[in-house]
Structures are given as C-alpha cells and as structure tokens.
Amino acid sequence: MGRYELQTGDGRRNNTPPVMRRDYNGGLIAFSRFLSSFATKSCSPESSIHSQFRLLCVACDSSLTTTHTFSPLLRQCIDERSISGLKKIQTQMLKSGFPVELSGSKLVDASLKCGEIGYARQVFDEMRERHIVTWNSLIAYFIKHRRSKEAVELYRLMITNNVLPDEYTLSSVFKAFSDLGLEKEARRSHGLAVILGLEVSNVFVGSALVDMYVKFGKTREAELVLDRVEEKDVVLITALIVGYSQKGEDTEAVKAFQSMLVEKVQPNEYTFASVLISCGNLKDIGNGKLIHGLMIKSGFESPLASQTSLLTMYLRCSLVDDSLRVFKCIEYPNQVTWTSLISGLVQNGREEMALTEFRNMMRDSVKPNSFTLSSALRGCSNLAMFEEGRQVHGIVSKYGFDRDKYAGSGLIDLYGKCGYSDMARLVFDTLSEVDVISFNTMIYSYAQNGFGHEALELFERMINLGMRPNDVTVLSVLLACNNAGLIEEGCAIFDSFRKDKIMLTNDHYACMVDMLGRAGRLEEAEMLINEVINPDLVLWRTLLSACKIHRKVEMAELITRKIFEIAPGDEGTLILMSNLYASTGKWNRVIEMKSEMKEMRLKKNPAMSWVEVDRETHTFMAGDLFLHPNSEKVLETLEELIRKAKDLGYVEDKSCVYQDMEETAKERSLHQHSEKLAIAFAVWRNVGGNIRILKNLRVCVDCHSWIKIVSRVINREIICRDSKRFHHFRDGSCSCGDYW
DNA sequence: CTAGGGTTAG
C-alpha cells in the first residue's frame with residue numbers, strides 16, 4: 001500500500017486511506033480531506049487525477065459520496081484544464097445517483113474555469129432545473145469574454161424561464177446592455193433591480209448601474225443611482241469619476257474625488273488613474289500635484305495605469321520635465337504608456353524627442369498600435385520630415401495598420417504636409433473604413449497643396465455618402481477654394497453653411513475675408529467681419545493684409561486703428577503696415593513703424609528656409625550668407641541660376657523690398673532670400689528627384705517668379721511649403737496659378 | 001460554485 005502513504009494533518013504517518021478504515025465518525029470528511037491533500041502533494045498531475053479517480057470510484061462503489069466529495073478532484077481538473085477529467089466526474093456522479101441538476105452548478109463552473117464553454121453549455125442544456133448560480137456563472141463568463149450578445153440572450157431566457165435575477169446576475173448583465181447599446185431593455189432591468197431592492201442594498205449592482213449609465217453618456221442618471229446606494233465604496237464612486245472624466249465633465253470629476261476624501265472613502269489606483277486625466281484636461285496642475293502626493297502617500301503610485309495617467313497629466317499641463325521624471329521611474333512601460341509619452345511630446349512641440357522615444361519603444365520590442373503610429377506620424381508631419389515619415393510608414397505596414405483609419409489619417413497628413421497629395425490620396429483610397437476625420441484630413445491635404453477641384457469633388461462624395469461634415473470639413477473646403485482661387489464656389493459653400501450658424505467660427509470667416517480680400521473685394525470682406533459678433537485680431541489682420549496686397553493705404557489705416565483698440569501695438573499689424581508703406585514708397589511712415597516696433601522691443605521673425613538633403617536638414621536665413629559652411633559653393637550656384645533665369649526672362653521685382661535703399665542693393669537683397677539660398681544649395685548638392693523646401697514665412701512675389709523659371713532651368717520639380725500652403729513649381733509654372 | 005471601476009489617437 002506504499003502508494004497511499006501520506007502525511008495526515010496531525011503529522012502521524014498513516015498507511016491506510018480513511019475510507020479503507022471504515023471510520024464511521026466523519027469518514028466522509030476524512031475522505032475529502034484525503035483527496036485534497038493528495039491533490040496538493042502530488043508531483044505529477046497526470047498520475048494524480050488518475051489515482052484520485054480510482055479512489056473516487058472506490059468511494060462511489062461504497063456509497064460514501066456527497067456532491068462535496070468531488071470538490072478536490074474538480075479543483076484538480078480546473079488546475080489542469082482537464083475537460084476529459086470533468087466528463088469522467090460527471091459520469092461517476094450520475095452513477096452515484098446524483099442527477100445533473102444537483103452536480104450541474106459545480107460542473108458548469110469548473111468547465112468555465114477551464115475555458116471550455118462548449119461542455120459547460122452542454123451540461124447546462126441537460127439540466128431541467130437550474131440553480132441561479134448556474135445562470136450567473138454562464139452569464140458572467142460571456143461578459144468576461146465580451147460576448148455581450150450571448151449574455152443578454154441567456155438573461156432573457158432566464159426571465160422567460162421564470163428565474164428571477166439576483167444581485168450577481170444584475171451586477172454583471174448591465175455591462176452587456178451598455179456594450180450593445182440596449183438602453184431601453186437596460187432601463188427595464190434597472191426597474192427590476194429597484195423592485196428587488198438591490199439598487200440601494202447591493203453596491204455591486206449599484207456600481208454596475210453607474211458604469212452602465214456612464215457608458216450611455218448619462219452621467220446625471222449615474223449620479224442619481226449613486227445617491228441612492230446605501231453603503232458607497234471606492235468602486236462605486238470611481239465608476240462615476242470615470243464617467244465624468246470620459247465625458248469631459250472634468251470639474252465634476254475633481255469635485256467627486258474631493259467629496260470622496262471628505263466621506264473618508266480611500267481612493268485606489270483606479271480612482272487616481274481617472275481623476276488625474278481630468279486634472280490634465282483642466283490643466284489643473286495644483287490639484288494634479290496634490291493628487292500625485294496623495295497617490296504616493298496611499299501607496300498606489302506603482303500600478304502602470306495610474307503612472308500613465310500621471311504622465312499624461314503632466315504632459316497635458318505642458319510640464320514636460322516632470323512628465324519625463326515620471327516616465328523614468330516606470331520600469332516596464334507598456335504600449336499605452338509609450339503612446340502617451342510620444343503623443344504628449346508631439347503636443348508640446350517636442351517632435352524630435354517624440355521620435356527618439358518612438359525608436360526607443362521599438363528597440364524595447366513594445367508593439368505600437370494605431371494610437372502610437374498616428375502620434376509618431378504627426379510628429380513627422382509637423383516638421384515635414386519626409387524621410388523619417390517614410391520609415392514610420394514602413395512600420396505601419398509591418399504591423400498591418402495600412403488600412404487603419406487612425407494610422408491612415410496620420411499618413412495622409414504626413415504626405416499632405418510634405419507636398420504629396422497624390423500619395424496621400426493613395427493611402428485614403430486603401431482605408432478599410434473612412435469617417436469624417438479621414439475625409440477632413442484628405443480634403444485639407446488637397447487644400448494646402450492647392451488642388452481645389454479635387455477637394456471639392458471629395459467634399460461632394462462625402463455629402464453623397466450621407467456623412468455629416470463638421471466645422472473642420474467646412475474650413476478645409478473653404479481653404480481649398482481660397483488656395484485655388486475658386487471664389488464663386490467658396491462663396492456658395494459658405495452661404496449654404498451660413499444658415500447653420502453653429503458650424504461657422506471666426507476661422508471660417510477669416511478664410512472668407514482672406515478669399516474676398518485677395519480678390520480685391522475689400523468692402524464685401526469688411527461686411528463679413530461686421531457680421532461676426534466678436535471679431536478677433538486675426539479677422540482684422542486678414543483684412544489688413546488684403547489691403548496691403550491691393551495697396552489700400554487709407555482703409556488699412558482705419559483698420560489699424562480698430563486693431564489697436566483691441567491689441568495696442570500688435571506686432572503683426574506693425575509689420576504689415578511697415579511693408580505697405582514701403583511698397584507705396586512712404587518711407588517716412590516706414591521709419592515711424594520701425595521705431596514703434598523698436599519701442600515695443602518687437603523683432604521681425606527672421607525669414608528662414610529648410611531643405612532636406614541626404615536625410616539631413618539644412619537651414620538658411622535671408623541675407624545670412626555665412627550660416628552655411630559651403631556658402632561659397634552655394635553663392636556660385638546661385639549666381640549661375642540667376643543668370644540662367646534672366647536668360648529666360650526673370651526680372652527682379654523690387655516692390656518686394658521693404659527697405660529704402662539703392663536699386664542695386666535692392667537687387668542684392670532679393671538675391672539673398674532664404675528660399676533662393678536653399679534651392680541653390682540643393683542644386684549644388686545635386687539632390688535626386690524633387691527639391692523640397694520649407695519656409696517659415698510666405699513666399700514673396702519675386703522668389704515665386706524666380707523659382708518658376710528655375711524649375712524649368714534645372715528641369716526638376718520644386719516643392720515649397722510656406723507658412724500657409726504648398727507651391728509646386730514645375731516646368732516654369734506653379735500649382736497655385738500665381739494666386740496665393 | 002456566480003458579481004462592479006482605470007491609462008494612449010487623427
């Protein structure tokens with residue numbers, strides 16, 4: 001009998017299993033205990049089930065079993081995920097005279113714990129009468145595996161079978177209702193919970209209800225449920241805080257958190273994770289830091305999700321250094337943590353760092369998702385980093401996000417901002433699902449590249465698909481019309497949306513003012529501004545720049561007075577006026593403007609251009625010939641390009657010079673504009689393919705006509721992104737049609 | 001034997 005040798009609870013050696021000793025005092029209990037200890041002491045699970053089973057058969061034959069006797073063996077089967085074991089137990093149970101109605105609950109539970117729904121369902125279906133626990137177990141299983149539809153179906157079946165749900169049923173089934181959006185049915189079950197008194201008495205039911213109303217977006221009703229629950233706990237209150245936070249009712253979230261502290265309910269990692277997001281949204285760094293301290297004091301600073309929220313909070317509050325300090329303390333950042341860091345850095349204008357962190361993430365073999373990729377792509381497109389963006393595109397493909405709408409709109413934005421709206425369109429056409437934002441991004445890409453008709457066509461398609469355009473859509477379409485000189489189309493679209501006043505913001509009006517103003521319809525533009533309730537600085541400045549284009553000094557002076565009422569000594573206005581006076585030869589007034597600027601300690605933004613050559617970005621500043629180490633070669637190339645351009649008819653446009661100087665000096669000044677230097681550099685370095693340059697200001701008339709001719713001279717496309725839009729120079733003309 | 005809440009995006 002060596003194989004039955006075991007250590008009993010009191011330490012004595014015992015060579016005979018209790019059942020063999022026919023111990024009538026508690027023999028059953030002893031047998032169960034024996035099986036348990038056998039199960040835990042066994043080294044080889046395989047043999048353990050087998051031997052236990054043989055013992056069980058002995059017990060059954062001796063009629064020494066209750067359903068309880070099977071528990072240790074069931075536990076063993078669960079540990080080993082042994083469905084065949086469960087089936088043997090069922091057979092044995094039936095043989096011992098236990099009907100499935102009696103053993104079913106345990107079997108269903110064990111089977112579900114083994115992850116085997118099929119067998120559980122089979123046992124369930126065999127039962128003619130089912131204990132409430134059986135229903136609950138199955139429903140909970142479906143909820144846990146996000147099979148909400150099956151959960152609800154089972155719940156309905158339960159009701160039709162006249163089985164009343166209890167607190168367990170209700171606390172899980174509400175999640176399925178919110179998941180499926182079954183609000184009406186959910187409310188009926190809520191009513192049932194009220195009738196059964198479970199809404200107030202059971203905090204599990206209460207928090208499930210709060211969570212459900214929160215998911216339906218009904219925070220007010222969630223509040224009402226919470227108020228009725230008798231004994232409020234962390235989970236209940238946290239569910240409501242989460243609701244506020246996700247709905248953007250951030251002030252409410254912080255308030256609920258504070259009252260939770262007053263009620264002496266201890267917040268935990270979940271609570272911290274959500275309330276910190278609200279602090280971030282509110283840019284409430286005071287409460288944010290306070291909560292950070294509380295989190296450390298309560299010992300909940302280590303769970304990853306709460307650390308991620310902390311990181312996000314600091315990033316939203318633009319405290320990049322603090323956020324990096326938090327990040328450094330995180331031992332194993334996951335996908336979400338990295339994504340939060342990368343997107344936060346991009347939002348704070350730290351694109352280079354964001355991309356470095358993106359590479360670090362890849363190095364650590366943390367998989368990116370569509371959130372991560374769209375953030376990394378936005379980092380690239382903000383700086384028009386084409387090569388870097390191409391590499392990220394490679395990663396997008398590698399992880400199978402080519403057809404994803406989030407990563408996709410990042411790619412569309414990237415190609416759009418790098419001047420390749422055709423590549424952007426290729427991405428757009430492969431998306432598996434498009435929504436308003438995909439359309440907006442694509443329309444905006446066309447808009448900034450001056451492809452007005454394409455943008456309008458897409459807009460029309462969007463309407464035909466029954467998609468509701470939003471304010472960004474309208475702005476992109478208007479911008480497209482503006483950049484392509486499609487004034488009548490733009491006015492028509494604007495008028496059709498004007499009835500829908502909510503859609504139109506100051507930005508829309510600014511776009512229209514720019515459009516009309518540039519077309520010389522200054523009075524109409526001014527009438528539009530007067531229509532706006534609160535015309536802002538940008539609107540007036542837009543009209544002012546139209547005055548500058550058309551050299552309407554008188555009107556400009558009137559507008560300047562208006563602007564100075566809102567913003568005395570506004571920098572942009574002074575620069576515009578100075579340039580207007582310069583182009584109309586009023587040099588005295590130019591000096592006045594400049595001295596005023598000096599008084600205000602304002603400095604004009606230096607004009608700069610960037611060009612990417614061999615994956616390296618080179619910077620050029622207007623008039624600064626010695627910024628670059630190869631300035632001699634650059635100048636040599638530039639002179640040659642100017643000479644060749646002149647052969648083809650280029651003449652300097654001296655009205656672009658806003659300084660009073662000799663004519664030859666004006667010419668020299670024009671020759672040293674930053675975009676000319678950048679192009680000369682790219683030509684000297686013999687860039688393959690297109691030349692792409694980026695400017696911080698708008699391209700001037702002189703450079704524009706020069707670049708047109710140069711594109712023919714070197715027989716290459718030159719793409720220039722200025723502060724507003726793209727110009728594609730090809731074979732002597734520009735995509736903007738000389739209208740910008 | 002069965003139950004409730006969290007972090008990232010265009």
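Residue numbers start from 1 in every chain, and the chains themselves are labelled A, B, ... in the order their sequence lines are given, proteins ahead of strands. The model shown is predicted, which means the values in this text are computed figures rather than measured ones. The figures here come from the full heavy-atom set of this structure, side chains too, leaving out hydrogens, waters and symmetry mates.
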Roughly how many Å is it from [atom1] in [X] to [atom2] in [N], rounded to a whole number?
X	N	atom1	atom2	answer
A:Q335	B:dA9	CD	P	13 Å
A:M212	B:dA3	CE	C1'	15 Å
A:D250	B:dG6	CG	P	16 Å
A:I443	B:dG10	CD1	C1'	14 Å
A:F401	B:dA9	CZ	P	15 Å
A:M295	B:dG6	CE	P	17 Å
A:W338	B:dT8	CH2	C1'	14 Å
A:I291	B:dG6	CD1	P	18 Å

How would you label the contact of [X] with the nucleic acid (heavy atoms, under 4.0 Å): base, sugar-phosphate, or nothing?
X	result
A:N202	base
A:E269	base
A:V235	base
A:D211	sugar-phosphate
A:S105	base
A:T169	nothing
A:N136	base
A:S438	base
A:K113	sugar-phosphate
A:I237	nothing
A:T441	nothing
A:V205	nothing
A:V234	base

>> Looking at A:Q347, I'd like to know whether one of its side-chain N or O atoms comes within less than 4.0 Å of OP1 or OP2 on B:dT8.
In response: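 Looking at the OP1 and OP2 atoms of B:dT8, neither is under 4.0 Å from any side-chain N or O of A:Q347.
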>> If stacking means aromatic ring centre less than 5.5 angstrom from the base's six-membered ring centre, planes under 30°, is A:Y406 stacked on B:dG10?
In response: no
[X]-[Y] side chain donor-acceptor pair, cut-off 3.5 Å:
X	Y	answer
A:Q90	A:Y119	yes
A:T441	A:D413	no
A:E249	A:T219	yes
A:R390	A:Y415	yes

Selection from [options] that lies nearest to any side-chain heavy atom of [X]:
X	options	answer
A:R316	B:dG10, B:dG6, B:dT8	B:dT8
A:E167	B:dG10, B:dA3, B:dG4	B:dA3
A:I437	B:dC1, B:dT7, B:dG10	B:dG10
A:Y168	B:dG4, B:dT7, B:dT2	B:dT2
A:S375	B:dG4, B:dA9, B:dG6	B:dA9

On a plain distance test, is the side chain of [X] in donor-acceptor contact with the base of [N] below 3.5 Å?
X	N	answer
A:S207	B:dG4	yes
A:T308	B:dT7	yes
A:S171	B:dA3	yes
A:N440	B:dG10	no

>> Assess whether a salt bridge exists between A:E153 and A:R156, defined as any Lys/Arg side-chain N lying under 4.0 Å from an Asp/Glu carboxylate O.
In response: no
>> Taking the ring of A:F439 and the ring of A:F428, is the distance between their centroids below 6.0 Å?
In response: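 Close enough - the centres of the two rings lie under 6.0 Å apart.
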> Taking the six-membered ring where the residue is Trp, are the ring centres of A:F124 and A:W135 under 6.0 Å apart?
Replying inline: yes
